[in-house]
Protein chains: 2
Amino acid sequence: MDASIADGRAAGIGRLAKSTLRERIAERLRAAILAGDIAPGSSLTETALSARFDVSRGPLREALRQLVDEGLLVTVPYTGTHVASLSVEDVREIFSLRTTLEIFAFDQVWDRRDDDFRAELLRRNRVLIATIDAGDDRASISAELAVHGLVYEAGGHKLLQHAWQGLCGRLQLYWAAHHRAHGRRGPRRDSHDSYIAAALGDDLAALRSEITDHMRRGVEVTERFLRDAGLANVGKKGDMT
Amino acid sequence: MDASIADGRAAGIGRLAKSTLRERIAERLRAAILAGDIAPGSSLTETALSARFDVSRGPLREALRQLVDEGLLVTVPYTGTHVASLSVEDVREIFSLRTTLEIFAFDQVWDRRDDDFRAELLRRNRVLIATIDAGDDRASISAELAVHGLVYEAGGHKLLQHAWQGLCGRLQLYWAAHHRAHGRRGPRRDSHDSYIAAALGDDLAALRSEITDHMRRGVEVTERFLRDAGLANVGKKGDMT
DNA sequence: GTCTGTCATATTGTCGACAATCGACAATAT
DNA sequence: ATATTGTCGATTGTCGACAATATGACAGAC
């Protein structure tokens, strides 16, 4: 059996993603929500969305349901669906659970860290710093999540990764609201140095307390912001671009 | 403003669940899957299910999608949806994540344990023992999950509770497969005594190691079972009752 | 003046039918 | 005989229309 095109060795020949309409709709909608194009609390009408995307209401509804399960939307039967708006308590929950999961993720991967892991972590950190220096808030948020996401991916723990995806979405949702209401937000340039150092080091206990501190700092910023801004974002109307 | 019925102080006055067809379908299907009425790996055809439930394919598809998100079903576009069948690695993931989450849950609730908590925990444990003595495997599984579930409920941590729900479903799915293939399974009568004692005690570190041991015992039974049985459950056909 | 009952309208929930795609079998060429 | 290709039935994906429900405004009674 000689080499043929079916072997997939040729560049660019691989499984191409079979896209259903539902997936593409969910993708676009999620991107729009996480980018802050739709304000938390604003209501989404199915007919309007189906007209905008030029699709039927069937796959649109399935996409909405999926985003509901991801925690990005809330829906009350026969009434409507709204973009979820997080309370300060919700944010506290996100960070507390994230602390636990991230420590667990490092526990899983600690003895399996290899050169590839270290190199990739440093690479993502460089990307993060670059986006921060460029002043690109949106990209720096994604870059920060990519840095933290590596440890979840490296462990090969599918369930853990799934949980991280859920937290990821909610975090972006909050940051989008923060950015929208508070102007520029970007993570500070050096806020991750100690985190990276601990992640590459050999002291697991030190890393654990570093993660805990890292999250505490995050939730402190959050609480200060939310207390100042009140809950003004609830019920505010928004529109997609 | 004096007290009126609108205040909701009266017993039994609260938001009553408005049921959509989708929710009821998801409920029934989930129950059927978790009870083991549909074997893991068996395929579900939408038309057959819609005919059986006497509903259209619209709400049925939404229910299926919801169960996919819960990890009970897997679906490949244009091909079909199957009841998820867990590999030994999946079960290991479930127990490892559950260990972490349950310890976290106790961390959250530890200083807030009151008499109600203790009484409820003992009550659920008595129910568990009663169902075990009665030889009712299905009920004893639910009772065991209820015992462990209390700490997740008591913390008031919505995100944590959501994660527990997800684990709960997958656990029941595995146990249903176990029960189906292995005959009676029930938890041993005294396997929870030390757990309950530690949960009611004052030594958090002891509880942590107790939880770890408890889960390790669970995963050991699992691995032994799955190694003996092979992966014979994959692809096996089943039918609803 | 406040409350209650009614109605109009907009939005969601549900249904049945059509189109796109997949998996398997048969036909065919080498 | 084997590998490739064309075809067919079955199943899923998508659509447009209809029914059920919630929300708000308005008229009428106490």
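Lettering follows sequence order; numbering is per chain, from 1.
Counting only distance, with no hydrogens or angles, the side chain of R65(B) and the backbone of E62(A) share no donor-acceptor pair below 3.5 Å. Proximity of a side-chain donor or acceptor of R124(A) to a complementary backbone N or O of A143(A) within less than 3.5 Å is not detected.
Using bins of under 30°, 30° to 60° and over 60° for the plane-to-plane angle, the ring pair F106(A)/F117(A) lands in the perpendicular bin.
If you take CD of E62(B) and C1' of dC15(C), they are 12 Å apart, rounded to a whole angstrom. The interatomic distance linking K18(B) (NZ) with dT23(D) (P) rounds to 6 Å, in whole Å. Separating the CZ atom of R22(B) from the C1' atom of dT21(D) is a distance of 15 Å, rounded to the nearest angstrom. If you measure from atom NE2 of H82(A) to atom P of dA22(D), you get 14 Å, rounded to the nearest angstrom. Whole-Å rounding puts the R61(A) CZ to dC15(C) C1' distance at 12 Å. Per the geometry, CG belonging to L49(A) stands 14 Å off P belonging to dC15(D), to the nearest Å. The separation between R57(B) atom CZ and dC15(D) atom P is 13 Å, rounded to whole Å.
Ion pairing between a basic and an acidic side chain is recognised when a charged N comes within 4.0 Å of a carboxylate O; E27(B) and R24(B) show no such pairing.
Shown here, dT5(D) forms a base pair with dA26(C); the pair counts as Watson-Crick or G-U wobble because both key distances fall under 3.5 Å. Look at dT2(C): its Watson-Crick or wobble partner, with both distances under 3.5 angstrom, is dA29(D).
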Under 4.0 Å protein heavy-atom contacts per nucleotide of nucleotides 5-11 of chain D, with B for base, S for backbone only and - for none: -------
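A distance below 6.0 Å separates the ring centres of H157(B) and F104(B).
Considering only heavy atoms from C-beta on, I33(B) stays 4.5 Å or farther from D37(B) through its side chain.
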